[in-house]
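All remarks here apply to the structure that follows.
Lettering follows sequence order; numbering is per chain, from 1.
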2 protein chains.
Amino acid sequence: MNEFAGAQRPLYEVKANLFKGLAHPVRVRILEVLSAANTVPVSDLIADTGLEASHLSQHLSVLRKHNLVVAERRASQVFYSLAYPQVADLLRVSRALLVEILENTRQQLASTVTASAGLPVQPASTPSDSPPPPSDPEST
Amino acid sequence: MNEFAGAQRPLYEVKANLFKGLAHPVRVRILEVLSAANTVPVSDLIADTGLEASHLSQHLSVLRKHNLVVAERRASQVFYSLAYPQVADLLRVSRALLVEILENTRQQLASTVTASAGLPVQPASTPSDSPPPPSDPEST
DNA sequence: CTGCGACGTGATGGATTCATCAATCCGCGA
DNA sequence: TCGCGGATTGATGAATCCATCACGTCGCAG
C-alpha cells in the first residue's frame with residue numbers, strides 16, 4: 001500500500017518500481033517533452049500529446065508519485081518539470097540501448113533472409129520500406 | 001501480438017516497452033547478477049535468487065523476448081549473459097537516479113519533521129531508523 | 001455570489017501481468 | 001531404449017494496470 005518510491009527494501013525492488021513508473025508510452029512521451037524544455041504548462045502537454053486532460057493528468061499523477069516530475073502552480077496554470085536531470089540521462093541511455101538492439105536485430109533478420117538467398121549481409125535497405133534517412137540525430 | 005521489441009512504431013512506445021521488460025524485481029535482480037559476471041548458468045541464478053526453476057525461467061523468457069539477454073547451451077546446462085553492455089549502463093544510471101531521489105525525499109521528510117520542531121535541516125539520521133551506513137559503493 | 005476554464009480525483013469494466021502447478025522438451029548416461 | 005536432471009512451456013485464478021467518464025477543486029472574471 002505504501003506508494004513511496006523510497007523505502008528500506010532491497011534496491012532491486014525499488015529499481016523495478018522505478019521502471020514500472022516509466023513503463024507506459026504516454027509517460028515516456030511526457031518525460032521526453034520535459035527533457036527538451038525546462039518547464040512546460042499542462043496545456044502544452046495536452047497539445048503535444050493530443051490526450052484528454054483527465055487522462056494526461058492521471059499519468060502526471062503517477063510520475064509525481066514516483067518523484068520523477070514536480071508541479072508548480074502559477075496563476076491559473078500548472079507547470080511541470082523534471083524532478084532531476086538524471087531522469088533525462090536515463091532516457092538517453094535507454095535510447096542508446098534501444099538503438100543498439102534495433103540495429104542488431106534488424107541485421108539478424110536481414111542475414112536470415114539473405115542466407116536463404118545466398119547474399120552477403122550488406123544491403124541496408126529493408127525489403128519493403130523507403131530508403132533509410134541519411135541519419136537523424138534528433139527525433140524523440 | 002507482435003512480440004518484437006523493435007518495429008516501425010514511435011520510439012517512445014518502444015522505450016516504454018523496454019521499461020516494461022525491466023519492471024519486475026526478479027528481472028532486475030537477474031540483470032544485476034549478469035552485469036557482475038559475464039556468463040552465468042541457470043543453476044547459479046536459481047541459487048542466487050532462491051526462486052523455483054520454472055518461475056525464474058519465465059522471467060528469463062521475458063528478458064529474452066526483449067532482447068536483453070542471450071542464452072547459450074553447453075552440455076546439459078544453459079548459460080545466460082547480457083545481450084549488450086548497455087544494459088548494465090542502464091542499470092547503473094537508474095541506480096544513480098534512485099540514489100538522488102532517495103536522498104532528496106529523505107531530506108524532505110526530515111525537514112518536514114524538523115520544521116514542526118524548529119530545527120535546521122542538518123540532522124542526517126532518520127527519526128526511527130538505524131544510522132546511515134558510512135557509504136556503500138557496491139551493493140546491488 | 002455565480003459561472004467558467006484549467007486540472008485533478010474516483011469509480012468502473014476490460015485488458016495485462018503475475019504466481020503457482022502440471023506437463024513437456026532436451027541431452028546424456030546406464 | 002529407458003530414465004533422469006536441468007530447463008522450458010502451458011494453463012489457471014489472483015492481482016494489477018489502463019481508458020473512459022462523471023464529478024470535485026482551485027482561482028479568477030463578471
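- Remark: B:H59 is not in phosphate contact with C:dC18, judged by side-chain N or O atoms under 4.0 Å from OP1 or OP2.
- Using a 4.0 Å cut-off on heavy atoms, the residues of residues 35-56 of chain B that approach DNA chain C are B:S54, B:H55, listed by number.
- For DNA chain D, no neighbouring residue in residues 70-80 of chain A is found when judged by any heavy atom under 4.0 Å.
- Scored by the side chain to side chain contact (heavy atoms under 4.5 Å, CB included) test, A:A36 finds no partners at all (sequence neighbours excluded).
- Rounded to whole angstrom, the span from the CG atom of B:N17 across to the P atom of C:dT17 amounts to 9 Å.
- Scored by the salt bridge (charged side-chain N to carboxylate O under 4.0 Å, His left out) test, B:E52 finds no partners at all (sequence neighbours excluded).
- First and last contacts of DNA chain D with chain B, using any nucleotide atom under 4.0 Å from a protein heavy atom and ordered 5' to 3', fall at D:dG6 to D:dA11.
- Applying the 3.5 Å distance criterion, the base of C:dT20 shares a donor-acceptor pair with the side chain of B:Q58.
- Note on residues 38-51 of chain A: pairs passing side chain to side chain donor-acceptor pair (under 3.5 Å), not counting sequence neighbours, are A:S43-A:Q77.
- With sequence neighbours left out, B:A16 forms a side chain to side chain contact (heavy atoms under 4.5 Å, CB included) with A:P25, A:V28.
- Among residues two or more places apart in sequence or in another chain, the salt bridge (charged side-chain N to carboxylate O under 4.0 Å, His left out) test is passed with A:E100 by none.
- Sequence neighbours left out, the pairs with a member in residues 70-94 of chain A that pass salt bridge (Lys or Arg N to Asp or Glu O under 4.0 Å) are A:E72-A:R74, A:D89-A:R92.
- Listed by chain and number, the residues in a side chain to side chain contact (heavy atoms under 4.5 Å, CB included) with B:S57 amount to none (sequence neighbours excluded).
- Evaluation of the ring-ring contact (aromatic ring centres under 6.0 Å, His included) test over residues 27-64 of chain A, restricted to residues two or more places apart or in two chains, returns A:H24-A:H59, A:H55-A:H59.
- Partners of B:A47 under the side chain to side chain contact (heavy atoms under 4.5 Å, CB included) rule, at least two apart in sequence or in another chain, do not exist in this structure.
- In terms of heavy-atom proximity, B:V93 sits nearest to A:V93 at CG2-CG2, 3.6 Å.
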